[in-house]
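Quick notes on the structure that follows.
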Number of protein chains: 2
Amino acid sequence: MNKERPATPQGAAMPVRADAQRNAARVLAAARRAVASTGLDVSYHEIAREAGVGVGTVYRRYPERDQLMAAVLRDILTELISTAHQALGCDDAWEGFSSLFTDLALYTAQNAGLSGSLDQHGGPAVAQQRHELLDLTRQVIERAQDQGRLRRDLPWKEVLRLTGAPATQGCVLGLEPDPAHGHHLALTVLLDGLRTD
Amino acid sequence: MNKERPATPQGAAMPVRADAQRNAARVLAAARRAVASTGLDVSYHEIAREAGVGVGTVYRRYPERDQLMAAVLRDILTELISTAHQALGCDDAWEGFSSLFTDLALYTAQNAGLSGSLDQHGGPAVAQQRHELLDLTRQVIERAQDQGRLRRDLPWKEVLRLTGAPATQGCVLGLEPDPAHGHHLALTVLLDGLRTD
DNA sequence: TGGAAACGGACAAGGTCTGTCCGTTTGTTC
DNA sequence: GAACAAACGGACAGACCTTGTCCGTTTCCA
């Protein structure tokens with residue numbers, strides 16, 4: 001999939017060996033799993049073990065920790081962006097919204113280990129992707145609101161923040177922590193959902 | 001407050017020195033803070049620093065890690081039990097429920113670090129306290145349901161599980177993880193709360 | 001089949017955590 | 001206020017975990 005090495009044009013000099021490509025995929029997948037379960041501070045050895053690969057291979061691929069984290073983020077964001085596109089393509093605005101909301105919540109829950117300090121990692125490319133995802137979700141939310149299917153008393157960013165409610169804090173999205181406020185809103189909604197009268 | 005040493009009867013031989021008592025309180029408070037922010041694996045040094053005390057003092061008080069964790073849990077559970085009693089004393093069943101729910105959620109959020117594996121720590125005394133808390137919350141929930149103020153389509157344990165929704169998982173309460181199911185319910189309620197039609 | 005790229009994992013260096021020990025301080029008693 | 005014991009604090013040794021490198025071996029491609 002993605003490689004840190006110079007991409008091979010057409011029939012250039014360095015074709016990138018098959019095993020290298022295979023391992024690159026394994027390492028990235030393992031890193032995602034490891035980061036999700038353990039957090040940003042997983043050891044390289046742990047990732048290597050998870051990938052069934054030697055440590056050297058991981059270090060060779062990602063000499064800097066930031067590069068690895070950026071790759072993980074890029075991978076995740078790519079998935080989410082695709083999900084958001086699907087949601088926006090959905091005829092029913094509510095259905096689109098709720099499925100995206102569910103996916104985001106699920107994702108956030110699975111990646112609780114990532115919480116906080118994600119802005120540090122991943123350069124402008126990741127920032128760009130995150131921006132794209134934010135913009136798409138804004139559209140999905142506002143469309144549902146425009147059609148009267150979704151409460152209008154919450155600005156879209158607040159709705160998005162609720163995404164993190166079933167887990168801890170929104171981590172991929174890079175929302176400001178603001179735990180007091182956001183947390184309170186989540187509670188309000190939960191209570192509204194529970195109340196019968 | 002609580003001491004690991006033999007309690008002094010009336011005018012017995014060992015009156016427990018004042019500074020020891022002071023430090024005991026400091027250490028416990030520090031441990032609560034440290035465990036909440038860092039997790040169950042905080043180092044003794046970290047706790048000592050937080051308490052403004054030497055490591056030796058912490059080790060002297062709690063030679064075994066389990067003893068310390070049990071003390072922290074006991075402290076927390078005592079607070080929550082008192083909250084639950086207040087909720088049960090509330091005239092308005094919904095008000096009682098929602099305030100308890102809010103407190104539990106707040107607590108859970110603040111102690112995300114405690115997540116999981118709390119049953120291991122703290123012996124029968126903690127288990128007894130936890131049982132008491134569970135029983136009280138069950139009463140609060142069922143009272144609100146009986147009065148038709150709270151959805152009846154959720155068994156009380158599920159309602160309780162939602163408590164963990166704004167954070168991660170219920171940790172003090174020792175509910176089974178069951179993330180798939182509980183998580184889904186939390187989402188359903190959140191979505192119900194958000195939907196207008 | 002030969003040569004280069006990639007691999008794996010042992011290993012040294014550095015850091016953190018545990019748990020103890022003992023000289024010093026603090027509280028209590030008379 | 002003096003004497004004694006309890007409690008304190010923090011330096012320190014040892015165990016454990018991580019990082020990052022290095023080099024003999026394996027795998028791929030031409």
Side-chain angles (χ1 to χ4, degrees), chain A residues 1-31 34-35 37-69 71-72 113 121, chain B residues 1-31 34-35 37-69 71-72 113 121:
Chain A
M1 289 296 140
N2 89 31
K3 351 186 163 55
E4 303 303 304
R5 294 321 198 75
T8 94
Q10 263 76 348
M14 318 226 87
V16 178
R17 277 171 45 172
D19 54 348
Q21 235 168 317
R22 196 168 50 239
N23 281 336
R26 279 191 195 164
V27 167
L28 185 55
V35 165
S37 65
T38 307
L40 288 170
D41 55 345
V42 230
S43 74
Y44 266 45
H45 275 81
E46 173 63 30
I47 293 169
R49 204 176 312 127
E50 177 79 26
V53 134
V55 220
T57 300
V58 183
Y59 275 104
R60 203 174 307 112
R61 197 82 47 196
Y62 304 101
E64 301 290 337
R65 184 166 261 274
D66 275 356
Q67 296 172 6
L68 196 161
M69 294 309 161
V72 167
H121 304 280
Chain B
M1 289 298 139
N2 89 32
K3 352 188 164 55
E4 302 304 303
R5 294 322 197 73
T8 94
Q10 263 78 345
M14 321 225 86
V16 177
R17 276 172 45 169
D19 53 346
Q21 236 168 319
R22 197 169 49 237
N23 281 338
R26 279 191 195 163
V27 168
L28 184 55
V35 165
S37 65
T38 307
L40 287 171
D41 54 346
V42 230
S43 72
Y44 266 46
H45 276 81
E46 174 63 28
I47 293 171
R49 204 177 312 126
E50 178 80 25
V53 134
V55 221
T57 300
V58 182
Y59 274 104
R60 204 172 308 113
R61 197 82 48 196
Y62 304 102
E64 301 290 338
R65 184 166 260 274
D66 275 356
Q67 297 171 5
L68 196 160
M69 293 310 162
V72 167
H121 303 281

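Please read all numbers here as calculations on a predicted model, not as lab measurements. Residue numbers start from 1 in every chain, and the chains themselves are labelled A, B, ... in the order their sequence lines are given, proteins ahead of strands.
Protein atom CD of A:Gln21 is 11 Å distant from nucleotide atom P of C:dA6, rounded to whole Å. One can place CZ of B:Arg61 at 18 Å from P of C:dG19, the figure rounded to the nearest angstrom. Following rounding to the nearest Å, A:Tyr62 (OH) and D:dT19 (P) show an atom-to-atom distance of 16 Å. Taking atom OH of A:Tyr59 as the reference point, atom P of D:dT18 lies 11 Å away to the nearest angstrom. Counting to the nearest Å, the C1' atom of D:dT19 and the CG atom of A:Leu68 are 14 Å from each other.
For A:Glu46, the side chain to side chain contact (heavy atoms under 4.5 Å, CB included) partners at least two apart in sequence or on another chain are A:Val42, A:Ser43, A:Arg49, A:Glu50. Annotation: salt bridge (Lys or Arg N to Asp or Glu O under 4.0 Å) contacts of B:Arg17 (sequence neighbours excluded): B:Asp19.
Nearer the 5' end of DNA chain D, as judged by each residue's closest nucleotide, is the contact made by B:Thr57, out of B:Thr57 and A:Pro63. If B:Asp41 and A:Val53 are placed on DNA chain C by their nearest nucleotide, the residue sitting closer to the 5' end is A:Val53.
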Base-contact (B) and sugar-phosphate-only (S) positions in nucleotides 22-30 of chain C, heavy-atom cut-off under 4.0 Å, - elsewhere: ----BSSS-
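Nearest heavy atom pair, residue A:His45 against residue A:Val55, reads NE2-CG2, 3.4 Å. The shortest non-hydrogen separation linking A:Asp41 to A:Arg65 is CA-NH1, 3.9 Å.
Against DNA chain C, the stretch residues 42-52 of chain A makes no heavy-atom approach under 4.0 Å.
Interatomic distance, OH of B:Tyr59 versus CD1 of B:Ile47, reported as 9.0 Å (0.5 Å rounding). Rounded to the nearest 0.5 Å, atoms CG (B:Asn23) and CZ (B:Arg60) are 9.0 Å apart. Distance OH/A:Tyr62 to CE/A:Met69: 10.5 Å, rounded to 0.5 Å.
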Below 3.5 Å between N/O atoms, which protein atoms pair up with nucleotides 2-4 of chain D? Just atom names and distances, please.
none

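A rotation axis mapping the C1' atoms of four pairs onto the next four is fitted at both ends of the helix from C:dT1-D:dA30 to C:dC30-D:dG1 over five pairs, and the angle between these axes is 30° to 10 degrees.
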